[in-house]
Amino acid sequence: MLFDSHAHYNDEKFDDDRDALLASMPENNVGLIMNSCSSLDEVPLIFGICEKYPFVYASVGVHPHEVGSMTEGDITTLREYAKNPKVRAIGEIGLDYYYDFSPRDIQKKWFARQVELAKELNMPVIIHDRDAHKDCMDILRACSVRETGGVFHCYAGSVEMAREILDWGMYIAFGGSLTFKNSVRPVEVAKYVPLDRIVIETDCPYLTPVPHRGKRNSSLYIHYVAEKLAEIRGMSAEEIENITYENAKRCFKME
Ligand code: NI
């Protein structure tokens, strides 16, 4: 059974077939899905999806792209939303210096504030770190993320950085980029991370794995990530599926 630890089924790319697609998950060996949130506007639709599908859970949080106009009132709103029993994480939160859609000082401020909220609520964090490794690690260290844990989504850092993340008790997520031909560093990291700290994800509708790269992604393709990981670790895909399923449940405190 597979656990897709990072998906965006609220995305408009699923508007035409969201229900048919989600209804087909159980028969396709997808047992659990974490729907990651990027902005407060998305929450009503995400909660609607969670209510309809018992196997879909949610995070709430504001993505670095969206923090430009964030206020302390939004933290209060997030705290309220987090009372929904399907909410199991604060995310996705972090820093994105690739796009820089929000000023960096603003990104850092609201990233740290949301890590503090996660600690207050005793919820794991879902981290988005794009081209911002140093500042991201500095903030997580300063906020003692080890008190609440969580996952680095679509991990793109080094083995050395992974070592510190693992020391904090966090999990490392691999997605479609692991299957890309030019994927050297993720493969190196995937060899290194202890088996009990790896989770897998699609980040759908984005980051579609080989051989469907270019098409819209969905959790129906997550088995390609499991298969690639199995090949890297010299194990069966079924073993990887089961291990990463249990890991994600533990990461999101679902047991
Ligand atoms: Ni995402």
Side-chain angles (χ1 to χ4, degrees), residues 2-15 18 21-22 25 30 32-47 49-50 56-68 70 78 81-82 86-102 107 110-111 114-115 118 123-133 136 140 150-157 165 170-180 183 186 198-209 212-213 215-222 224-225 244 248 251-252:
L2 291 146
F3 191 145
D4 184 352
S5 67
H6 195 111
H8 298 275
Y9 282 104
N10 51 285
D11 194 282
E12 61 185 13
K13 292 193 179 69
F14 293 114
D15 281 354
R18 181 178 293 112
L21 188 59
L22 284 167
M25 291 301 159
V30 177
L32 288 166
I33 294 169
M34 173 58 67
N35 196 102
S36 181
C37 172
S38 301
S39 76
L40 291 172
D41 309 346
E42 296 177 353
V43 174
L45 177 53
I46 293 173
F47 282 3
I49 294 168
C50 286
V56 181
Y57 287 79
S59 69
V60 292
V62 181
H63 189 286
H65 288 349
E66 311 287 339
V67 293
M70 200 168 171
L78 284 170
Y81 280 146
K86 291 308 262 314
V87 173
R88 296 305 170 98
I90 298 298
E92 55 188 287
I93 58 175
L95 303 173
D96 194 312
Y97 293 174
Y98 180 79
Y99 287 107
D100 274 327
F101 285 162
S102 313
Q107 291 191 45
W110 292 110
F111 177 30
Q114 292 183 92
V115 176
M123 280 184 168
V125 286
I126 298 174
I127 303 297
H128 173 104
D129 162 23
R130 187 138 188 218
D131 293 355
H133 301 329
C136 198
L140 291 172
V151 58
F152 257 73
H153 135 69
C154 194
Y155 184 73
I165 293 166
M170 294 181 77
Y171 292 76
I172 292 190
F174 296 98
S177 43
L178 191 64
T179 68
F180 299 167
S183 172
I198 299 177
V199 299
I200 54 175
E201 62 170 53
T202 56
D203 198 21
C204 66
Y206 313 105
L207 285 173
T208 312
H212 296 293
R213 207 175 169 183
K215 289 191 217 158
R216 183 191 70 178
N217 200 3
S218 85
S219 308
L220 297 181
Y221 295 156
I222 195 170
Y224 292 109
V225 179
T244 54
C251 173
F252 297 123

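Both ligands and their constituent atoms are indexed starting at 1 by order of listing.
Among the backbone and side-chain atoms of His8, an N/O/S atom is found under 2.8 Å from the Ni ion (ligand 1). Taking backbone and side chain together, Cys154 holds no N, O or S atom under 2.8 Å from the Ni ion (ligand 1).
The atom of Asp203 nearest to the Ni ion (ligand 1) is OD1, with the search restricted to N, O or S atoms. Closest to the Ni ion (ligand 1) among the N, O or S atoms of Glu92 is OE2.
Residues Asn217 and Asp203 bring no donor and acceptor atom of their side chains to less than 3.5 Å of each other. With no hydrogens or angles considered, a side-chain donor-acceptor pair links His128 and Asp96 at under 3.5 Å. In this structure, a donor-acceptor pair under 3.5 Å is present between the side chains of His212 and Tyr224.
No option in Leu207, Leu178, Thr202, Ile127 other than Leu207 meets the side-chain contact (heavy atoms from CB on, under 4.5 Å) test with Cys154.
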